[in-house]
Amino acid sequence: MTTIYDLAVVGAGPAGRSLAHRALAARLRVAVVDPAPDRIWSATYGVYTADLPDWFDDSAVAASAPTVTVFTPTERVIPHGYAIVDTAVFQRTLGIDGADVRVCFALAVTASTVTCSDGRQVRATHVVDARGARSVDHQSGPRQTAAGSVVPSDDASMVLMDWRPAGRTPPDTARSFSYRVALGGGRRLVEETCLAGNPPIAVDALAERSRARNGRPLVDDGLDEAVDFPLVARTTPWRRVADEPLRFGAAGGLMNPATGYSVGQSLQATDVVVEAIVAGRDPHAALWPRRARLAYRLRVLGLTVLLSLDSDDVVAFFDAFFRIDPKLQHRYLCGRDDAVGVLRAMAAVFPRLPMRLRRRAVAAAASGQPSAPVTDPTL
Ligand SMILES: Cc1cc2nc3c(=O)[nH]c(=O)nc-3n(C[C@H](O)[C@H](O)[C@H](O)COP(=O)(O)OP(=O)(O)OC[C@H]3O[C@@H](n4cnc5c(N)ncnc54)[C@H](O)[C@@H]3O)c2cc1C
């Protein structure tokens, strides 16, 4: 007789694995489909500590600091707790031992079935698609790119954004910033980042800038991290199409379109989905209440404004952002469904912008979406 699982999770990245882990803790019958469920994730994940849910196992933190530093170009130390996750430990703490793990690709995914590359099918009351940003990939929208190297260093600071120019960047060139964070164990990630570009700055060009900024020896051994992913989902994340699965994680609009962060949001949203399933409620509706949809739309608007700015104006924009109350900054950066917080942060930034930037922001906001993915009129 075919088992019908309570939940089938497709994709065992941070989002899918957390969801399966928490569903098992809630005694649901769970199946997981992933071609390499035990592969250690290669990305370096950073999270705001306030985003970590109660159930997060602190042993998975490789390094943390109670503050972050930004240069816009003025130096500011801001009280946002920030942690870098030890991916191997993180993965281990998200145990999925009680799940039926299918080591294969999902070829077709519907609301109740997963057709696997081994020819078998998984059936479940709820199917969740957590196949990551690549599964929603599209070449036309805004993307985040970065080029990073791991270097020996005991510096424990977390520099989230250093907008001071990298070497001799010619004027009017798209700007990138340096992200430099402690990894623990006397190591540090030094990453030149294009937060959002349409098109973005190429990874090779960012590596060259990193060399110019930090000195050649730092990256002579090649890149440890090459980042390139889309910032907005191809379709409206909350749109329900008949017989489609619930999308989750970077595949499901849980990435902040204005920053590219998704791990914290996914961890926070995990129990929302599990609790809805356990209570017999619709997990889709639980994940996307009106305030979450509005928060997402507002952040896409923030991205639209950002993409409209000239290179120097981008730095002025972040300077204004980091001058507002840190609590409001946090509400803009995190808080998946905190539409009020996002709005209040935007309203606080606006009067701090130089006048020409205010005009730009209004014009960009009026012009529409950066890649027009959010088209659902039902908001
Ligand atoms: C290098 C890098 C660094 C990043 N750093 C950060 C950061 O510091 N903080 C942050 O919040 N975000 C960061 N991000 C963005 C984002 O959080 C990550 O992309 C994160 O991995 C998304 O998690 P996810 O579980 O949604 O998807 P993924 O991690 O992409 O996992 C998707 C899973 O689906 C599986 N899969 C794919 N196709 C199939 C298929 N057909 N069938 C079955 N399984 C399939 C894959 O094997 C994989 O296990 C980073 C991204 C990159 C690329």
Side-chain angles (χ1 to χ4, degrees), residues 8-21 31-49 51-52 62-63 68 82-87 90-91 94 96 101-109 114-118 120 122 127-137 143-150 158 160 179-181 183 189 191-196 200 203 206 223-233 237 245-270 333-334 336:
V9 181
V10 184
R17 200 174 169 102
S18 309
L19 187 63
H21 173 71
V32 173
V33 179
D34 192 295
D38 297 323
R39 180 184 57 84
I40 305 294
W41 303 320
S42 55
T44 305
Y45 294 123
V47 283
Y48 293 97
T49 48
D51 262 359
L52 294 173
V68 297
Y82 194 75
I84 296 294
V85 169
D86 180 324
T87 36
F90 183 33
Q91 210 160 335
L94 299 173
I96 52 170
V101 180
R102 306 283 177 93
V103 184
C104 54
F105 282 96
L107 300 180
V109 185
V114 184
T115 306
C116 301
S117 54
D118 63 5
R120 293 188 296 167
V122 175
V127 173
V128 170
D129 181 352
R131 282 179 286 182
R134 283 201 183 94
S135 68
V136 294
D137 215 345
R143 305 178 75 83
Q144 183 168 115
T145 48
S149 296
V150 176
M158 301 288 187
L160 280 202
Y179 169 78
R180 301 187 296 275
V181 290
L183 301 178
L189 176 68
E191 196 159 272
E192 193 71 21
T193 305
C194 167
L195 186 68
V203 174
L206 291 169
L223 290 180
D224 293 299
E225 190 155 273
V227 179
D228 183 358
F229 59 82
L231 284 164
V232 280
L246 171 66
R247 284 173 285 140
F248 191 73
L254 296 189
M255 181 177 283
N256 183 331
T259 64
Y261 277 60
S262 84
V263 174
Q265 278 203 39
S266 296
L267 292 178
Q268 283 194 345
T270 295
L333 295 169
C334 306
R336 194 179 65 81

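Nothing fancy with the numbering, it's 1 onward along the sequence. One-based numbering, in listed order, for ligands and for the atoms of each. Atoms considered below: every heavy atom in the structure, side chains included; atoms not considered: hydrogens, waters and symmetry mates. As the structure is a prediction and not an experimental result, all values here were calculated from the model.
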key: Polar contact flag for P14 and ligand 1 (N/O pairs, less than 3.5 Å)   = yes
ask   = Against heavy atoms of G132, which atoms of ligand 1 measure under 4.0 Å?
value = 27 (O), 28 (P), 30 (O), 32 (C)
request  = Verify salt bridge (Lys or Arg N to Asp or Glu O under 4.0 Å) between D118 and R102, making sure each step is shown before the conclusion.
outcome  = CA-CA 9 Å; D118 63 5; R102 306 283 177 93; 5.2 Å; no
request  = Using a 4.5 Å cut-off on heavy atoms from C-beta on, say whether the side chain of L183 contacts that of V150.
outcome  = yes
ask   = Any nitrogen or oxygen of M255, main chain or side chain, under 3.5 Å from a nitrogen or oxygen of ligand 1?
value = no
Ligand-residue contact atoms, ligand 1 with A106, heavy atoms, under 4.0 Å = 40 (C), 41 (N), 42 (N), 43 (C)
remark   = Residue, atom and distance of the protein heavy atom nearest atom 34 (O) of ligand 1 read G11 CA, 3.2 Å
Heteroatom distance test (G46, ligand 1): nitrogen or oxygen, under 3.5 angstrom = yes
Ligand-side contact atoms (ligand 1) for residue partner V33, heavy atom cut-off under 4.0 Å = 43 (C), 44 (N)
request  = Measure the CH2-CZ distance between W41 and R17 for me, rounded to the nearest 0.5 Å.
outcome  = 6.0 Å
Shortest protein heavy-atom distance from atom 11 (O) of ligand 1, along with the residue and atom involved = S262 N, 2.8 Å
task = Say whether, by atom type as modelled, one donor and one acceptor occur between the side chain of T193 and the main chain of L195 under 3.5 angstrom.
result = no
inquiry  = Below the 3.5 angstrom mark, is there an N/O of V263, backbone or side chain, next to an N/O of ligand 1?
reply    = yes
query = Do A250 and ligand 1 have an N or O pair less than 3.5 Å apart?
reply = yes
remark   = A student checking ligand 1 against G260 at a 4.0 Å heavy-atom cut-off should list atoms 12 (N), 15 (C)
task = Scan the protein's non-hydrogen atoms and note whether one is under 4.0 Å from atom 19 (O) of ligand 1.
result = no
task = Among all protein heavy atoms, pick out the one at the shortest distance from atom 31 (O) of ligand 1; state its residue, atom name and that distance to 0.1 Å.
result = G13 CA, 3.4 Å
message = Suppose I only count heavy atoms of A43 and a 4.0 Å limit; which atoms of ligand 1 are within that range?
response = 1 (C), 2 (C), 3 (C)
ask   = Which is it for A130 and ligand 1 at heavy atoms under 4.0 Å: side chain, backbone, both or neither?
value = backbone
request  = Using a 4.5 Å cut-off on heavy atoms from C-beta on, say whether the side chain of L19 contacts that of V128.
outcome  = yes
message = I need the contact type for Q265 against ligand 1. Using non-hydrogen atoms and a strict under-4.0 Å cut-off, is it side chain, backbone, both or neither?
response = neither
inquiry  = So for ligand 1, is Y82 a polar contact partner (N or O within less than 3.5 Å, distance only)?
reply    = no
ask   = With a 4.0 Å heavy-atom cut-off (strictly under), which part of V10 contacts ligand 1: side chain, backbone, both or neither?
value = side chain
ask   = Would you say D228 and R143 make side-chain contact, with heavy atoms under 4.5 Å?
value = yes
ask   = Do the side-chain N and O atoms of Q265 and N256 include a donor-acceptor pair separated by under 3.5 angstrom?
value = no
note = With heavy atoms and a 4.0 Å threshold, my read on which part of A15 contacts ligand 1 is both
message = If the cut-off is 4.0 Å to any non-hydrogen atom of V227, which atoms of ligand 1 fall inside it?
response = 1 (C), 2 (C)
message = Please report whether ligand 1 has a polar contact with F248, defined as an N or O pair separated by less than 3.5 Å (distance criterion only).
response = no
remark   = among protein heavy atoms, the one nearest atom 44 (N) of ligand 1 is P35 CD, 3.3 Å
request  = Determine, using heavy atoms of A36 and all atoms of ligand 1, whether some pair is separated by less than 4.0 Å.
outcome  = no
query = Relative to atom 13 (C) of ligand 1, which among F105, Y45, Y179 owns the nearest non-hydrogen atom?
reply = Y45
note = Nearest non-hydrogen protein atom to atom 37 (C) of ligand 1, with distance, is R131 O, 3.8 Å
query = After noting the C-alpha distance and the side-chain angles of L206 and T145, does the key distance pass the side-chain contact (heavy atoms from CB on, under 4.5 Å) rule?
reply = CA-CA 8 Å; L206 291 169; T145 48; 3.5 Å; yes
ask   = Any side-chain heavy atom of V127 within less than 4.5 Å of one from L246?
value = no
request  = May I ask you to check if ligand 1 and D34 share an N or O to N or O distance below 3.5 Å?
outcome  = yes
ask   = Would you say the side chain of R39 lies within less than 4.5 Å of the side chain of D34, judging by non-hydrogen atoms?
value = no
query = Should V9 and I96 count as side-chain neighbours, where that means a heavy-atom distance under 4.5 Å?
reply = no
key: Polar side chain donor-acceptor pair, E225 to T44, under 3.5 angstrom   = yes
query = Between F229 and ligand 1, which part of the residue brings a heavy atom under 4.0 Å of the ligand: side chain, backbone, both or neither?
reply = side chain
note = A student checking ligand 1 against G249 at a 4.0 Å heavy-atom cut-off should list atoms 26 (O)
query = Looking only at heavy atoms of L254, does any of them come nearer than 4.0 Å to an atom of ligand 1?
reply = no
key: Within 6.0 Å of CZ in F105, more than 12 heavy atoms from elsewhere   = no
request  = Please report which non-hydrogen protein atom sits nearest to atom 5 (N) of ligand 1, along with the residue it belongs to and the distance in Å to one decimal place.
outcome  = T44 O, 3.4 Å
request  = Check the pair V109, R131 against side-chain contact (heavy atoms from CB on, under 4.5 Å), reporting the backbone distance first and the verdict last.
outcome  = CA-CA 11 Å; V109 185; R131 282 179 286 182; 3.6 Å; yes
task = Please tell me if the side chains of L254 and F248 come closer than 4.5 Å, counting only heavy atoms from C-beta onward.
result = yes
message = Quick check: do F229 and M255 have side-chain heavy atoms less than 4.5 Å from each other?
response = yes
request  = Determine the minimum heavy-atom distance between V33 and C104, stating which atoms define it.
outcome  = CG1-O, 3.5 Å
